Each structure stands twice: as C-alpha cells, then as structure tokens.
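Notes follow once the structure below has been shown.
Numbering of ligands and ligand atoms starts at 1, following listing order. From a predicted model like this one, the values you see are computed outputs, not experimental measurements.
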Amino acid sequence: MKIILLGPPGAGKGTQAKMISSKYSIPHISTGDIFRKNISEKTPLGIKAKEYMDKGLLVPDELTIDLVNDRVKHDDCKQGFLLDGFPRTVKQAEALDLFLEENHEKLDTALLIEVPKDSILERMTGRRVCPVCGASFHVKFNPPKVEGKCDLCGNDIIQRKDDSEDTVRERLDVYEKQTQPLAEYYRSKNTLRVVDGSKDINVVFDDISNILGRD
Ligand code: ADP
Ligand code: AMP
C-alpha cells in the first residue's frame, strides 16, 4: 500500500499518519520530521533546511527529492509506505512518479485532508509536538494524557518554532501557491481521495479507513 497525504499545514496529516501507519503496518515517512531530526543533529542538510523552514518556505526540491528517493529504497518500504508532507510541489510529484515507474510500482492513493482555512490558525498555534517520535497534540483538541508529556514515548512535548502566527500565514500562502495544484495533478490520475478533516480525529480516521479498506 503506497499512500501520500496531502492537505494544508494543520490539516491533521501527522495525526492521521501515525494511526494509518499503525493500522496498516506501513512506515510513516514525514519529510518535516526528517528535516527536524537533521536540524537537531546539525547535519549539513539540517543547516540548509533550517534557513527555509524558519521562514515558512519550502526546502528546495533538489534536497527534498533525493532524500525521499533514498528513504523509500529502505527494506521497510517493501510492503508500502505512507508519505506525509511529500510531495509538496509538482516537480516533487513528478519525481515520485518517475521513481515508482522505474521500480514498476504505482501510487495507490493520494489522500487529501481538507480543513477550512479559518480553523487552521487555531490548530497550528495550539499544536504541541514530540521532538523525539514526532507525535502531534493540541492543547485544546487533543491534549496529552499527562500535561507536557508525549503519550507515545513520554518525552517532553514542545511548540514548533514555525507554528508562530506569522510563519503559519506564510506557510498557508506557500501551500496555496505550490502544493494545492497537486490535488488536480492526482485527480487527473484518478488517485485522489478527499476527506473532511474538520471532523473529530477518530471520525476522520474512520473515513480514511473506509477509503483504504482492510489490509
Ligand atoms: P499536519 O501534520 O497536517 O500539519 P497535525 O496532525 O500536526 O497537522 O495537526 C495539527 C494540529 O491540529 C495538532 O495540534 C493536532 O493535535 C490538531 N488536530 C489534528 N486533527 C484534528 C482534528 N480532526 N480536530 C481538531 N484538531 C486536530
Ligand atoms: P511539516 O512538518 O510537514 O509541516 O513541514 C515543516 C517544514 O519542512 C515545511 O514548512 C517546509 O519548510 C519543510 N518541508 C517538509 N516537507 C517538505 C517538502 N516535501 N518540500 C519542501 N519542504 C518541505
């Protein structure tokens, strides 16, 4: 099962990805998490990526495409994968298609999680994340069981630097210009499925499970 998750920042991609990955036993590959790990380890990739991420801009395609091509070649992707936050540009989508074609594989589903723009700001500014396992919480909509601690791994949860109001506005702008056209790209290939991400987290997951079916 090869799936990509599309949707604006704050749509709930990371939240749903953790649940999908666990139900369908496929690795959750988040380019954002990979960049953040590189930033915390101060790798050359992390140092370059940080310049863009702090401003709410996309990391250049040439850095991002190679990273994903390398990652999906790992053994754990033999039965499929779930890409969260990739592709984000038409160039990245074309690169993914080329990679899959060369490997005689194809994408099963491009899942677009739609959320009205006016609820995104509240979701993003209230988001708290685990810097260790990438789990996402919300102070109001999805609080952790123990305040300030990750439910999954127990580490301290933090607020992402790029979740400040100004950066969120920039990221939404970037999404509309560079990523939104991908909905049309996948619709024309008949792989696009759309879910209403404004419902409760578990209801969104039920809707997604109905689309993906049993595995
Ligand atoms: P994305 O990965 O698309 O940027 P996240 O999964 O991190 O989004 O979710 C953004 C924020 O919204 C998080 O704080 C998360 O807990 C919260 N959230 C996710 N899904 C829902 C939902 N269906 N209803 C309310 N809040 C949600
Ligand atoms: P995310 O964790 O998905 O919200 O991503 C956080 C940030 O990482 C984005 O705002 C971008 O700066 C960068 N990023 C993540 N994925 C990509 C991608 N596919 N292409 C370019 N930049 C990305």
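Using a 4.0 Å cut-off between heavy atoms, R160 contacts ligand 2 through its side chain alone, with no backbone atom that close. Contacts with ligand 2 closer than 4.0 Å are made by side-chain heavy atoms of Q92 only, the backbone lying farther away. Here N142 has side-chain heavy atoms under 4.0 Å from ligand 1, and that is the only part of it that gets that close. Residue L58 touches ligand 2 through backbone and side chain together, judged by heavy-atom distances below 4.0 Å.
Remark: among candidates M124, R123, K140, E122, the nearest residue to atom 11 (C) of ligand 1 is R123, based on non-hydrogen atoms. Taking each of L57, D162, L67 in turn, the one with a heavy atom nearest to atom 12 (O) of ligand 2 proves to be L57. Within the set Y52, Y175, F35, F86, the minimum heavy-atom distance to atom 14 (N) of ligand 2 is found for F35.
Side chain of D108 to main chain of K2: a donor-acceptor pair is present (N/O by atom type, distance under 3.5 Å, no hydrogens or angles).
Considering backbone and side-chain N/O atoms, G12 comes within less than 3.5 Å of an N/O atom of ligand 1. Ligand 1 has no N or O atom lying under 3.5 Å from any N or O atom of Q16, backbone or side chain. Among the atoms of R127, none of the N or O lies under 3.5 angstrom from an N or O of ligand 2. On a distance-only criterion, R128 and ligand 1 share no N/O pair closer than 3.5 Å.
Remark: ligand 2 atoms within the under-4.0 Å shell around heavy atoms of G85 are 16 (N), 17 (C), 18 (C), 19 (N). Atoms of ligand 2 found under 4.0 Å from any heavy atom of R171, numbered from 1 in the order shown, are 4 (O), 10 (O). Close approach of ligand 2 to T31 is summarised as follows: ligand atoms under 4.0 Å from at least one heavy atom of the residue are 15 (C), 16 (N), 17 (C), 19 (N). Residue A11 has at least one heavy-atom neighbour below 4.0 Å for each of these atoms of ligand 1: 3 (O), 8 (O).
Residue contacts with ligand 2: R36 is included, with a non-hydrogen atom under 4.0 Å away.
For atom 15 (C) of ligand 1, the nearest protein heavy atom (residue, atom name, distance) is T15 OG1, 3.8 Å.
Atom-to-atom distance recorded for D61:CG and E94:CD is 10.0 Å, nearest 0.5 angstrom. Distance check, rounded to the nearest 0.5 Å: CD1 of I4 to CG of L111 gives 9.0 Å.
What you find for C77 and R71 is that their closest heavy atoms are SG-NH1, 3.6 Å.
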